[in-house]
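Quick caveat: nothing in here was measured; it's all calculated off a predicted structure. Letters A, B, ... mirror the listed sequences (proteins, then strands); counts begin at 1.
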There are 2 protein chains.
Amino acid sequence: MNEFGRYVREKREQLLQSDKSFSLRQVAGRIGIEPTYLSKIERGGLAPPSEQVVLKLAHELGENPDILLAIGGKVSQELKEIILQRPELMADLLRQIKDMPEHAILRIVREVKDGDW
Amino acid sequence: MNEFGRYVREKREQLLQSDKSFSLRQVAGRIGIEPTYLSKIERGGLAPPSEQVVLKLAHELGENPDILLAIGGKVSQELKEIILQRPELMADLLRQIKDMPEHAILRIVREVKDGDW
DNA sequence: TTTAGTGTGTAGTAATTACTACACATGAAT
DNA sequence: ATTCATGTGTAGTAATTACTACACACTAAA
């Protein structure tokens, strides 16, 4: 269940090997939380922190924010707002592509990107 | 700000005109909440209720659940989970189509629907 | 050998979420 | 005239979220 803590600890310790400033205390300091709190989170004793903290953590550790949020079971407010602006449309779209293979969705993303719409 | 309450009250009162069983008390009873609570919500004195209650309300009032949730500022757990299963892909897709006109997205939805993938 | 930095255990808390319970006044039905 | 159903005001609360503060033990450096 506590994927998030394990993942953060592993990543932080990797970085720590080549840069002493990635101690738990210093990272906690830079992202503005108490070391105790980060310790608990990494050890799985507490739930993942707020979106704001996860985003700072992702930035600090060089991780993809969307992925780190997802590991913590969260969807960013940014994405929620995209859905909230056109809920029916987005809901239909998401349900349509839900079971599509990755490559098919990627094709859509790319078509849309260089799209002629 | 309190779109949700106004919307629900209006819809409920519409239904009430042709069906006496859409009184505040009876609707509250059927969806399993206290009349006081529904009253406050409709008058905008309280935040929209939980996803579960919004869904029951949508069903009761014959409203689109995704839309009613959105009016209440919520994205359903169902949609969140679709995103959480492939966060990077879905985040990219949503950001791509965010500013596209409705008809272009609808085209994608349809293409995907009858798609050859 | 004291100082500095490390991680962690225990305890507590402020804010928010999602409600319930009681009491009351008004209007319609019997 | 009384019962019934309506909506609503006030008050309170249990659960969850998102943390902080203090204290301690261990290790490495000066």
**Q** Tell me which of F22(B) and K40(B) sits closer to the 5' end of DNA chain D, going by the nucleotide each one is nearest to.
**A** F22(B)
**Q** Specify the separation, in whole Å, of atom CD of Q52(A) and atom P of dC19(D).
**A** 9 Å
**Q** OP1 or OP2 of dG7(C) less than 4.0 angstrom from a side-chain nitrogen or oxygen of R43(A), does that happen here?
**A** no
**Q** Strictly by modelled atom types, are E81(A) and Q77(A) linked by a side-chain donor-acceptor pair under 3.5 Å?
**A** yes
**Q** Rounding to a whole Å, what distance do you find between Y37(A):OH and dG7(C):P?
**A** 18 Å
**Q** Would you say S23(B) places a side-chain N or O within less than 4.0 Å of OP1 or OP2 belonging to dT6(D)?
**A** yes
**Q** How long is the line joining CD of E34(A) and P of dG7(C), in whole Å?
**A** 14 Å
**Q** Count the heavy atoms of every other residue, nucleotide or ligand shown that sit under 6.0 Å from CD of E10(B), and state whether that count exceeds 12.
**A** no
**Q** Between L24(B) (CG) and dG9(D) (C1'), how many Å, whole number?
**A** 14 Å
**Q** Could you state the atom-to-atom distance from CD of E42(B) to C1' of dG7(D) in whole Å?
**A** 10 Å
**Q** 5'-most contact on DNA chain C: K20(B) or E51(B), nearest heavy atom basis?
**A** E51(B)
**Q** Between the base of dG5(C) and the side chain of R25(A), is there any donor-acceptor pair under 3.5 Å?
**A** no
**Q** Take atom CZ of F4(B) and atom P of dA18(C), then tell me their distance rounded to the nearest Å.
**A** 11 Å
**Q** Over how many whole Å does the gap from L57(A) atom CG to dA18(D) atom P extend?
**A** 14 Å
**Q** Might you work through the side chain to side chain contact (heavy atoms under 4.5 Å, CB included) test for F22(B) and R30(B), ending with a clear yes or no?
**A** CA-CA 10 Å; F22(B) 281 91; R30(B) 286 197 296 273; 3.8 Å; yes
**Q** Counting just side-chain N and O atoms, does S50(B) come under 4.0 Å of either OP1 or OP2 of dC19(C)?
**A** yes
**Q** Using a cut-off of less than 4.0 Å, is there contact between a side-chain N or O of R12(A) and OP1 or OP2 of dG7(C)?
**A** yes
**Q** Strictly distance-based, threshold 3.5 Å: is any side-chain N or O of K74(B) a donor or acceptor partner for the main-chain N or O of P49(B)?
**A** yes
**Q** When you measure from the side-chain N and O atoms of K74(A) to the phosphate of dA18(D), is any distance below 4.0 Å, counting only OP1 and OP2?
**A** yes
**Q** Rounding to a whole Å, what distance do you find between R9(A):CZ and dG7(C):C1'?
**A** 7 Å
**Q** Under 4.0 Å, counting only non-hydrogen atoms across every strand here, what does T36(B) touch: a base, just sugar-phosphate, or nothing?
**A** base
**Q** OP1, OP2 of dT6(C) versus side-chain N and O of Q26(A): anything below 4.0 Å?
**A** yes
**Q** Go through the steps to decide whether V8(A) and I41(A) satisfy the test side chain to side chain contact (heavy atoms under 4.5 Å, CB included), and finish with yes or no.
**A** CA-CA 9 Å; V8(A) 167; I41(A) 288 166; 5.8 Å; no
